[in-house]
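To keep things clear, I will list the structure first and then write my remarks on it.
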Amino acid sequence: MPVSNLQAASEWYAEHLGFTLAVEDPICLELRSTSGIRIFLIPNEDGSVNSQMRYSNGVQASYGFTVADDVQLLYQHFKDKGIQVGKLTDYQGLSFKFYDPDGNAIELWGDYPQG
């Protein structure tokens, strides 16, 4: 994931998503969650790139995670923390998009409905 400041991004992902620094390399940082999710942060010093896809109907997240927690509570928590979030939608389960400080779009999904 391209970020403008590796250390600041690592701290942001730790605070808001619970990731911890696993590997520090001169060209990237590897972060891990307690459930085994791994993300790599790479330097994007001029801030010209972020990892989202642009379509005629808007921005789509390049990354998404299914969460065990109540996605509506997470949505409100992120809003309360001042994190930029999109609308809470209900398409095959509740989800919302949020943006890290570098503008990378990430989608969080609740469990799919049972049926």
Side-chain angles (χ1 to χ4, degrees):
M1 196 171 309
V3 297
S4 58
N5 181 306
L6 290 173
Q7 190 60 41
S10 176
E11 291 169 5
W12 189 89
Y13 279 91
E15 178 183 348
H16 297 293
L17 296 173
F19 282 93
T20 58
L21 179 61
V23 177
E24 190 167 358
D25 185 271
I27 60 169
C28 73
L29 296 180
E30 179 185 338
L31 307 180
R32 292 184 188 166
S33 73
T34 56
S35 63
I37 296 171
R38 298 165 56 181
I39 61 173
F40 293 86
L41 304 178
I42 58 172
N44 179 28
E45 294 169 353
D46 68 2
S48 63
V49 177
N50 56 34
S51 59
Q52 58 196 26
M53 300 172 283
R54 295 185 187 278
Y55 294 96
S56 59
N57 64 345
V59 170
Q60 300 300 315
S62 294
Y63 309 100
F65 302 103
T66 301
V67 296
D69 296 331
D70 183 331
V71 75
Q72 290 176 311
L73 289 176
L74 287 172
Y75 179 77
Q76 190 59 50
H77 175 75
F78 278 26
K79 285 179 70 171
D80 292 346
K81 289 284 199 174
I83 296 171
Q84 181 186 354
V85 296
K87 292 182 355 182
L88 186 64
T89 61
D90 188 0
Y91 174 73
Q92 297 185 11
L94 291 176
S95 69
F96 70 93
K97 189 179 314 151
F98 72 94
Y99 298 85
D100 75 2
D102 288 288
N104 294 302
I106 301 164
E107 189 94 10
L108 291 182
W109 290 83
D111 287 333
Y112 286 118
Q114 303 298 314

Show, in sequence, the C-alpha distance, side-chain angles and deciding distance for Tyr99 and Asn104, and conclude whether the side-chain hydrogen bond (donor to acceptor under 3.5 Å, both in side chains) test is met. CA-CA 5 Å; Tyr99 298 85; Asn104 294 302; over 6 Å; no

Does the side chain of Asp102 come under 3.5 Å of the side chain of Ser4 through a donor N or O and an acceptor N or O? yes

Identify, with sequence neighbours excluded, every residue that meets salt bridge (Lys or Arg N to Asp or Glu O under 4.0 Å) alongside Glu24. none

Which heavy atom of Gly93 sits nearest to which heavy atom of Trp109, and what is that distance? O-CZ3, 3.7 Å

What's the spacing between Lys97 NZ and Ile106 CD1 if we round to 0.5 Å? 12.0 Å

Gap between atom CG of Leu17 and atom CG of Asp100 - 0.5 Å precision: 9.0 Å

For Gln7 and Glu11, does a side-chain donor sit closer than 3.5 Å to a side-chain acceptor? yes

Taking all heavy atoms of Leu31 and all of Leu41, pick out the closest pair and write down the distance. CD1-CD1, 3.6 Å

Does Phe98 have its ring centroid less than 6.0 Å away from the ring centroid of Tyr75? no

Would you check, one step at a time, whether the test side chain to side chain contact (heavy atoms under 4.5 Å, CB included) holds for Val71 with Leu94? CA-CA 7 Å; Val71 75; Leu94 291 176; 3.4 Å; yes

Taken to the nearest 0.5 Å, the spacing of Ile83 CD1 from Phe96 CZ works out to 8.0 Å

Least distance between heavy atoms, Cys28 atom then Ile42 atom: CB-CG2, 4.0 Å

To the closest 0.5 Å, what do you measure between CZ (Phe19) and CD (Glu30)? 10.5 Å

Atom pair CD1/CZ of Ile27 and Phe40 - distance to nearest 0.5 Å: 10.5 Å

Between Ser10 and Leu29 the two heavy atoms that sit nearest each other are CB-CD1, 3.8 Å

Hey, quick one: are Tyr13 and Ile37 part of the same hydrophobic cluster, counting side-chain heavy atoms closer than 4.5 Å, chains of contacts allowed? yes

